[in-house]
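So that the names make sense, note that chain A is the first sequence line, chain B the second, and so on, each numbered from 1.
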Amino acid sequence: IPLSSSNYLPQSFLPQIQEQVRKIQNDIEELQQRLCADYSLCHPEELILVGQYLGIPKPLLKNCYSQDLSLVACLNQLHYGLQFYQGLVKALEGISPELAPTLNILQLDVGDFAANIWQQMEDLQVAPEIMPTQGTLPTFSSSFQRRAGAVLIFDYMQGFLDMAYRDLRHLSQS
Amino acid sequence: IPLSSSNYLPQSFLPQIQEQVRKIQNDIEELQQRLCADYSLCHPEELILVGQYLGIPKPLLKNCYSQDLSLVACLNQLHYGLQFYQGLVKALEGISPELAPTLNILQLDVGDFAANIWQQMEDLQVAPEIMPTQGTLPTFSSSFQRRAGAVLIFDYMQGFLDMAYRDLRHLSQS
Amino acid sequence: LQDCVDIHLSASVIHLGAPISASCTINTNCSSLTAIATKIVWKLDWEKLPEHWQHQREDGTLGSNITLPHLNHTHAMLSCCLLLAGTPQIIGQAELQAGYPPQSPSNFSCIMNLTAQELTCQWKPGRSTYLPTKFILKSYNSTSKDNCQSRKKPIQHCVSEDGKNQCSIPRSQLPLYQKIDIWVKAENMLGEAESPHLCIYPMDVVKLEPPILQAAEARLGPDSSFPQPGCLKLKWEKAKSSKHVEQMCELQYQHPGELSWVLVPFLNSGPQHAGEYDLCGLLFATRYVLQMRCVRSSLGGQLGGHWSDWSSSLELTTRE
Amino acid sequence: LQDCVDIHLSASVIHLGAPISASCTINTNCSSLTAIATKIVWKLDWEKLPEHWQHQREDGTLGSNITLPHLNHTHAMLSCCLLLAGTPQIIGQAELQAGYPPQSPSNFSCIMNLTAQELTCQWKPGRSTYLPTKFILKSYNSTSKDNCQSRKKPIQHCVSEDGKNQCSIPRSQLPLYQKIDIWVKAENMLGEAESPHLCIYPMDVVKLEPPILQAAEARLGPDSSFPQPGCLKLKWEKAKSSKHVEQMCELQYQHPGELSWVLVPFLNSGPQHAGEYDLCGLLFATRYVLQMRCVRSSLGGQLGGHWSDWSSSLELTTRE
């Protein structure tokens with residue numbers, strides 16, 4: 001499969017991306033507000049110890065352009081990151097009956113975003129690399145661990161999404 | 001269990017009986033109208049041959065008082081007749097999706113009526129005789145046979161209910 | 001992964017205002033925590049709890065016991081934290097719930113609906129329990145002779161958990177013409193309570209659908225009966241679901257827009273399911289609004305029931 | 001009990017007006033019927049059918065064949081009868097149905113509802129078939145490059161049998177930001193037909209919920225902005241389900257009771273989900289009714305969508 005000669009994403013791609021990222025961030029914000037209001041879990045900085053023994057990895061938040069990656073490599077890195085977070089969000093299933101509907105919608109929104117990135121790579125006729133998923137996902141042995149894990153995962157995802165959006169905007173400028 | 005010395009039913013029993021018999025006869029009328037309108041099966045006299053080979057027995061419609069029966073024997077005979085028709089109505093299950101709800105209500109109404117007669121015998125402290133149910137119920141091997149059987153059974157039931165009501169009214173006069 | 005932190009409560013659901021105790025124990029095998037184990041601090045929702053309510057254990061295990069003298073929250077999260085560089089790190093949580101046992105439900109009543117084919121009972125639940133509380137409608141077949149003292153078969157229970165304070169039993173599970181013993185029981189984690197019992201024939205609490213009121217058609221011919229001046233001729237018909245019930249009906253009428261109605265007690269409609277009626281003594285060339293309602297009744301008065309709602313209004317004008 | 005009577009139809013469902021044939025055979029083992037077997041007479045519903053349409057078989061079996069030249073009933077019962085003492089005795093029946101194959105559904109359109117989280121498509125069914133007819137909403141994932149010519153995964157079908165002429169696919173089964181090939185297929189016992197296909201991004205057919213319009217609170221203080229004379233200050237907020245969608249909105253206002261509205265094309269609301277707006281050039285001390293609606297849009301105009309309904313009205317009065 002030949003590499004595309006373009007170094008930028010089509011202009012028409014960015015507005016969709018913006019909308020999808022805003023949606024996912026709104027979903028996460030709603031879950032963060034509920035975890036704070038219903039369970040008094042409001043500050044990720046109070047859950048550092050829990051995060052360590054649950055083994056929830058902090059994200060690497062280095063932009064594509066600061067790593068000087070090509071369009072293809074950048075998209076691959078983003079897609080890989082999204083899949084990683086999809087896995088983490090799936091591990092949160094069973095969190096509570098009240099949060100389950102919003103968590104379900106978040107899963108669908110993240111899945112749609114990852115599929116859209118993949119489709120874009122196919123449209124550019126580049127081969128998306130199927131990379132093996134990183135390590136093992138955390139397991140939660142109590143409701144508290146699942147909720148605390150959620151607070152950390154959501155905090156990390158917001159940072160990842162901010163970075164992903166800046167990268168995609170950078171890749172859309174012609 | 002001693003026989004009651006009264007020869008008549010309590011006055012309070014008759015209004016309930018009237019209501020129950022009217023209800024059952026209304027149910028049957030509605031089913032008869034639907035069988036005529038939807039399936040052109042309007043006249044029992046057109047189904048004599050079918051009735052014979054299905055083996056649907058015609059009822060004996062002799063009033064209690066013309067047989068000179070005691071209160072107890074009359075109630076037993078009525079209860080037995082109701083149970084017999086309950087069985088026939090149950091054999092009509094599966095008649096058609098449109099008629100099924102009304103048939104179901106008819107079953108409940110006949111069951112309630114039989115239970116009320118039984119309760120009355122218990123209240124009078126007489127021993128209801130549990131008589132073995134008569135013979136075998138007809139089996140229907142086609143939708144037409146079930147519908148034709150229904151027309152005949154409903155026609156016979158109306159006659160039986162008219163007779164049952166006259167008997168019970170007779171037994172209520174003090 | 002064996003759990004590092006164990007939190008136990010003296011009870012997960014308690015009476016509002018009662019004391020509650022909890023213990024937080026750090027498993028000695030848990031190196032990530034035992035290495036930095038400092039002071040255990042407790043929080044209730046976002047507030048740090050007073051130090052003198054808790055005491056750390058001295059027996060070699062890493063842990064703390066705490067007693068809250070009065071829990072005044074209906075729902076709160078109790079967090080066990082380790083102080084790390086001045087910030088309390090939450091390492092475990094327990095969910096606290098407090099409320100009241102249920103009071104006896106009151107104003108218990110039942111209505112038999114022939115159209116929906118179900119017996120619907122309602123009640124008033126008593127003061128708020130602040131806890132998930134179940135209301136179970138319980139009933140038994142009974143005999144009429146002894147006011148439901150002797151029970152026979154149980155009838156299928158009906159549960160209301162959604163705060164609706166009513167529950168319905170389908171007709172197929174009830175004897176319509178035999179007495180039932182019926183009541184509602186409230187229960188939650190702190191206790192249970194029953195309403196007074198009712199001993200009723202389901203048909204005796206039937207509420208009929210209103211009759212259908214229409215203008216009678218004027219018939220022409222030798223025995224024609226044009227409405228007399230000052231009279232209105234109406235046609236009534238029992239609702240389909242209660243055609244078999246003998247009813248007594250009454251009529252009310254008024255001038256459109258007035259506040260008060262004139263009540264006309266009616267004939268015993270008897271077993272007929274439709275008929276006509278002449279309402280006379282009215283003004284000429286005047287508009288009237290009429291309504292009709294019915295109740296189950298029989299000549300001896302032995303049958304009970306509730307009045308139906310008033311029928312839809314019928315507007316008619318008398319002749320000149 | 002072996003069946004005594006066999007009735008066969010040339011077809012159980014035919015085209016309205018077409019001919020139909022039937023045969024009625026009495027089993028020779030069936031003594032109760034063979035003993036009295038006389039003439040076979042056919043009835044369609046309650047009418048006896050003409051003798052010359054049928055002929056009794058001469059081959060030793062007891063039976064009759066009949067052909068109806070044109071069946072003009074959409075539903076009818078065909079009865080096979082034996083004459084007994086002048087009365088036709090029905091011994092068997094067959095149910096006849098006639099109608100038309102479905103026409104292609106027309107006016108096919110789809111709307112994405114973000115609140116209900118489903119894609120709802122509607123169509124016009126074509127002339128009445130008089131037969132039970134199923135409408136199946138079919139769709140496939142597709143690629144954007146070739147106008148849905150190449151299909152990928154099928155999406156779960158949605159069936160409408162109740163005459164509602166619409167069907168909804170839950171969002172969980174759809175790609176919101178990728179093209180789908182979608183159409184509706186009508187089918188019954190006599191045939192099938194398809195509507196034209198649509199090739200769309202589900203988000204491009206989104207219909208937003210209307211925004212929420214309220215009066216802005218008057219702020220007091222150094223930078224207070226009392227509404228100017230002839231101006232009204234309003235506060236708007238995007239509906240919760242579409243907070244993430246960049247929208248363009250417009251305002252319309254009128255005097256209460258008037259027929260015509262004044263339209264105010266609005267700012268591109270952009271990504272903010274709430275804001276304030278000053279509407280000026282109005283009369284002093286006058287009452288106005290205002291409404292607002294929004295559509296999905298972006299600066300380059302690449303995003304599609306349907307205008308929301310107009311919001312609930314807001315009534316405000318300008319200062320003296």
Flag the one option from Gln117(D), Met203(D), Gln178(D) with the top tally of heavy-atom pairs under 4.5 Å to chain A.
Gln178(D)

CD on Glu19(A) to OG on Ser242(D), rounded to 0.5 Å:
9.5 Å

Is the number of heavy atoms from other residues, nucleotides or ligands within 6.0 Å of CD (Gln156(D)) greater than 12?
no

Note: His244(D) and Arg22(A) closest approach over all heavy atoms is O-NE, 2.7 Å

Engaged part of Asp109(A) at the chain D interface, taking heavy atoms whose separation is under 4.5 Å:
both

Looking just at side-chain N and O atoms, do Tyr201(D) and Gln16(A) make a donor-acceptor pair shorter than 3.5 Å?
no

Would His273(D) and Asn26(A) count as a side chain to side chain contact (heavy atoms under 4.5 Å, CB included) if you check the C-alpha gap in whole Å, the side-chain angles of each, and the deciding distance to 0.1 Å?
CA-CA 11 Å; His273(D) 67 87; Asn26(A) 286 352; over 6 Å; no

Which heavy-atom pair separates Asp112(A) from Pro175(D) by the least distance, and what is that distance?
OD1-CA, 4.2 Å

Decide salt bridge (charged side-chain N to carboxylate O under 4.0 Å, His left out) for Glu30(A) and Lys243(D); before the verdict, give the C-alpha distance in whole Å, the side-chain angles of both, and the deciding distance to 0.1 Å.
CA-CA 12 Å; Glu30(A) 184 177 336; Lys243(D) 269 173 55 176; over 6 Å; no

Verify the neighbour count for atom CZ of Arg151(D): are there more than 12 heavy atoms of other residues, nucleotides or ligands below 6.0 Å?
yes

What part of Gln18(A) lies closer than 4.5 angstrom to a heavy atom of chain D: side chain, backbone, both or neither?
side chain

